[in-house]
Peer 1: 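Okay, handing you the structure first.
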Amino acid sequence: MTNALEVRNLTKVYNTGKGIRDISFELSKGTILGIIGLNGAGKTTMLNCLTGFLKYDSGEIQYDFNGERYNKATPTLLDNLGIVSSEYGYPDHFTAKTISHIMSSTYRAWDKKRFFEILAHLDLDKSLKTGKYSSGMKTKLAIAIALSHNAKILILDEATRGLDVKASSRVRELLYAHVSNGENSIILTSHIMGEIERMSDTVMLIEDGCVQFINNKDDLLYQHKIFQITSSQLMEMDKKEINKVKREDHALYVIAKDPKAFGDKYKLEAVSSSLDRVIEIILEGDTFQ
């Protein structure tokens, strides 16, 4: 499997000391990468560097489209990126028809027919002025634009923001279809862990501007099994075997470094857990002292 994007030691630090440091990862063609992290962790900074909106301090970004490689935000590169963010910036009197006309001059591969098909699929009135859009409608419009110019990589920052259950389901269908050809790829961020767990092939956690892990989703859940224990059991355990421990009202929850060996040694069964629960314990749990 070839890569659509390779990032090496990407660094951007602001005067405040916040930013991202030495971020490296690969995005394989035909896959979806989900990026998670707390507010201020560096997710949006990284995406802005990837799309050329922000100049980074050091590192390398390499895109591969149709056998051609790009490391600068050239017009051809931007033609191949579909970007959805919280910044829409359309005047209130614009309609989807107006925006389609503008996009036909912006993107060389703009597909007007595809654009209006997606709007209809998402139940968005093409004649309604954007000043009357809800936040969910703005998200639908941005997704329709991103999917209507033959972009090889979609970069979606909180792409399901403001969407109801029906709209979220239809957006997922569109995104799955986008990568089904094995050539297109998606990077997405979301505060809804269920969306990341449902859609992503690979999950990256960014904490304080650094990558804490990047794993295949299924491997991540296998490697970070959760065990419920008591305080007395914790006192008898070897701290070197434990990654994180989270204390709650009636129990302790542990993520072990080697879940199989840990379970066998202490005669414990892992509890049923979701990606949301795993990330909660990783971010909020304490290192065992």
Side-chain angles (χ1 to χ4, degrees), residues 17-26 31-46 157-161 163-165 168-169 172 187-289:
K18 292 284 188 177
I20 55 174
R21 292 174 174 82
D22 292 321
I23 288 183
S24 298
F25 68 93
E26 297 174 352
T31 65
I32 300 177
L33 168 64
I35 302 175
I36 54 181
L38 299 175
N39 289 335
K43 302 187 300 296
T44 299
T45 293
M46 186 188 74
D157 195 3
E158 298 294 329
T160 58
R161 177 185 297 146
L163 298 180
D164 58 28
V165 174
S168 294
S169 177
R172 285 195 298 271
I187 298 174
L188 65 89
T189 72
S190 178
H191 284 94
I192 304 173
M193 288 297 115
E195 287 294 309
I196 295 289
E197 184 169 5
R198 184 183 292 112
M199 294 193 62
S200 303
D201 301 296
T202 305
V203 178
M204 176 195 296
L205 172 64
I206 297 180
E207 189 175 9
D208 295 326
C210 300
V211 174
Q212 296 303 309
F213 63 70
I214 179 167
N215 286 94
N216 173 276
K217 177 184 63 182
D218 294 332
D219 291 344
L220 173 64
L221 292 172
Y222 177 78
Q223 294 167 8
H224 293 78
K225 290 183 177 178
I226 299 170
F227 298 89
Q228 180 178 336
I229 63 173
T230 64
S231 296
S232 59
Q233 285 176 311
L234 180 62
M235 294 298 293
E236 297 174 357
M237 291 175 173
D238 185 346
K239 67 181 181 180
K240 294 179 182 178
E241 299 171 339
I242 295 175
N243 186 1
K244 290 282 187 175
V245 56
K246 188 171 189 292
R247 295 167 172 83
E248 298 187 352
D249 290 342
H250 304 294
L252 303 179
Y253 294 91
V254 165
I255 293 178
K257 294 179 180 178
D258 185 338
K260 186 179 186 307
F262 185 84
D264 290 344
K265 179 176 179 179
Y266 297 107
K267 305 293 191 293
L268 295 171
E269 291 288 337
V271 300
S272 177
S273 61
S274 63
L275 179 62
D276 194 8
R277 184 66 166 146
V278 169
I279 298 303
E280 175 190 344
I281 293 175
I282 289 175
L283 291 177
E284 299 181 3
D286 299 316
T287 301
F288 182 39
Q289 300 295 334

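A quick note: this is a predicted structure, and the numbers were derived from the prediction, not measured.
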Peer 1: Take Glu241 and Asp258 through the test side-chain contact (heavy atoms from CB on, under 4.5 Å) and record every step on the way to the result.
Peer 2: CA-CA 7 Å; Glu241 299 171 339; Asp258 185 338; over 6 Å; no

Peer 1: Nearest 0.5 Å, please: how far is OG1 in Thr44 from CD in Glu158?
Peer 2: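 Spacing of CD (Glu158) from OG1 (Thr44) equals 8.0 Å.
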
Peer 1: Give, for atom CD of Glu207 and atom CD1 of Ile279, the distance between the pair rounded to the nearest 0.5 Å.
Peer 2: 10.0 Å

Peer 1: Is a donor from one side chain sitting under 3.5 angstrom from an acceptor on the other, for Glu236 and Tyr266?
Peer 2: no

Peer 1: Rounded at 0.5 Å granularity, tell me how far OG in Ser190 sits from CD in Glu197.
Peer 2: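 If we round to the nearest 0.5 Å, Ser190:OG and Glu197:CD are 12.0 Å apart.
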
Peer 1: Please name the pair of heavy atoms, one in Val203 and one in Ile196, separated by the smallest distance, quoted to 0.1 Å.
Peer 2: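 Taking Val203 first and Ile196 second, the nearest heavy atoms are CG2-CG2, 4.1 Å.
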
Peer 1: Are Glu195 and Arg172 close enough for a salt bridge, meaning some N to O gap below 4.0 Å?
Peer 2: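 Answer for the salt bridge query: yes.
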
Peer 1: Which atom pair, heavy atoms only, marks the closest approach of Ala256 to Phe227?
Peer 2: CB-CE1, 4.4 Å

Peer 1: Would you say Lys217 and Thr202 make side-chain contact, with heavy atoms under 4.5 Å?
Peer 2: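 A side-chain contact is absent here, since even the closest heavy-atom pair is not under 4.5 Å.
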
Peer 1: Determine whether Val211 and Leu205 make a side-chain contact, defined as any pair of heavy atoms from C-beta on separated by less than 4.5 Å.
Peer 2: no

Peer 1: Write down the atom of Ile226, the atom of Ser273, and the distance for their closest heavy-atom approach.
Peer 2: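 In terms of heavy atoms, the two residues are closest at CD1-CB, 3.6 Å.
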
Peer 1: What residues, two or more places apart in sequence or in another chain, satisfy ring pair (Phe, Tyr, Trp, His ring centres under 6.0 Å) together with Tyr222?
Peer 2: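 Result, ring pair (Phe, Tyr, Trp, His ring centres under 6.0 Å) vs Tyr222: none returned.
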
Peer 1: Roughly how far, to the nearest 0.5 Å, is CG of Leu252 from CZ of Arg247?
Peer 2: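 Here the rounded value is 6.0 Å.
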
Peer 1: Hey, what do you get for CG (Leu220) to CZ (Phe213), rounding to the nearest 0.5 Å?
Peer 2: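 Taking CG in Leu220 and CZ in Phe213, the distance rounds to 4.5 Å.
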
Peer 1: Would you say Val278 and Lys225 make side-chain contact, with heavy atoms under 4.5 Å?
Peer 2: no

Peer 1: Between the side chain of Ser169 and the main-chain N/O of Val165, is any donor-acceptor distance below 3.5 Å?
Peer 2: no

Peer 1: Would you call Leu38 and Leu283 a side-chain contact if the rule is heavy atoms closer than 4.5 Å?
Peer 2: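 Counting from C-beta outward, Leu38 and Leu283 do come under 4.5 Å.
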
Peer 1: Taking all atoms of both residues into account, what is the closest heavy-atom pair of Lys43 and Ile206, and its distance?
Peer 2: CA-CD1, 4.4 Å

Peer 1: With rounding to the nearest 0.5 Å, note down the distance linking CG in Asn215 to CE in Met204.
Peer 2: 10.5 Å

Peer 1: Within the side chain of Asp201, is there an N or O that forms a donor-acceptor pair under 3.5 Å with the backbone of Thr31?
Peer 2: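 No: the side chain of Asp201 does not pair with the backbone of Thr31.
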
Peer 1: More than 12 non-hydrogen atoms from neighbouring residues, nucleotides or ligands closer than 6.0 Å to CD on Glu269, yes or no?
Peer 2: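 Counting other residues, nucleotides and ligands, CD of Glu269 stays at 12 neighbours or fewer.
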
Peer 1: So does Glu280 pair up with Lys246, basic N to acidic O under 4.0 Å?
Peer 2: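 A salt bridge is present here (some side-chain N lies under 4.0 Å from a carboxylate O).
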
Peer 1: Is the number of heavy atoms from other residues, nucleotides or ligands under 6.0 Å of Lys257 NZ greater than 12?
Peer 2: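 Counting neighbours around NZ of Lys257, more than 12 heavy atoms of other residues, nucleotides or ligands fall under 6.0 Å, so yes.
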
Peer 1: Is there a side-chain contact between Val254 and Gln228, using heavy atoms and a 4.5 Å cut-off?
Peer 2: no

Peer 1: Is it true that a side-chain atom of Glu284 and a backbone atom of Ile281 form a donor plus acceptor pair closer than 3.5 Å?
Peer 2: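 Absent.
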
Peer 1: Contact between Ile282 and Gln212 at the side-chain level, heavy atoms closer than 4.5 Å - yes or no?
Peer 2: no

Peer 1: Any non-hydrogen side-chain atom of Ile187 less than 4.5 Å from a side-chain atom of Ile35?
Peer 2: yes

Peer 1: Could you go through the side-chain hydrogen bond (donor to acceptor under 3.5 Å, both in side chains) check for Thr189 and Asp157 one step at a time?
Peer 2: CA-CA 5 Å; Thr189 72; Asp157 195 3; 2.5 Å; yes

Peer 1: Quick one: does NZ or CZ of Arg277 land under 6.0 Å from the six-membered ring centre of Tyr253, within 45 degrees of the ring axis?
Peer 2: yes

Peer 1: Is the closest side-chain heavy-atom distance between Cys210 and Asp208 below 4.5 Å?
Peer 2: no

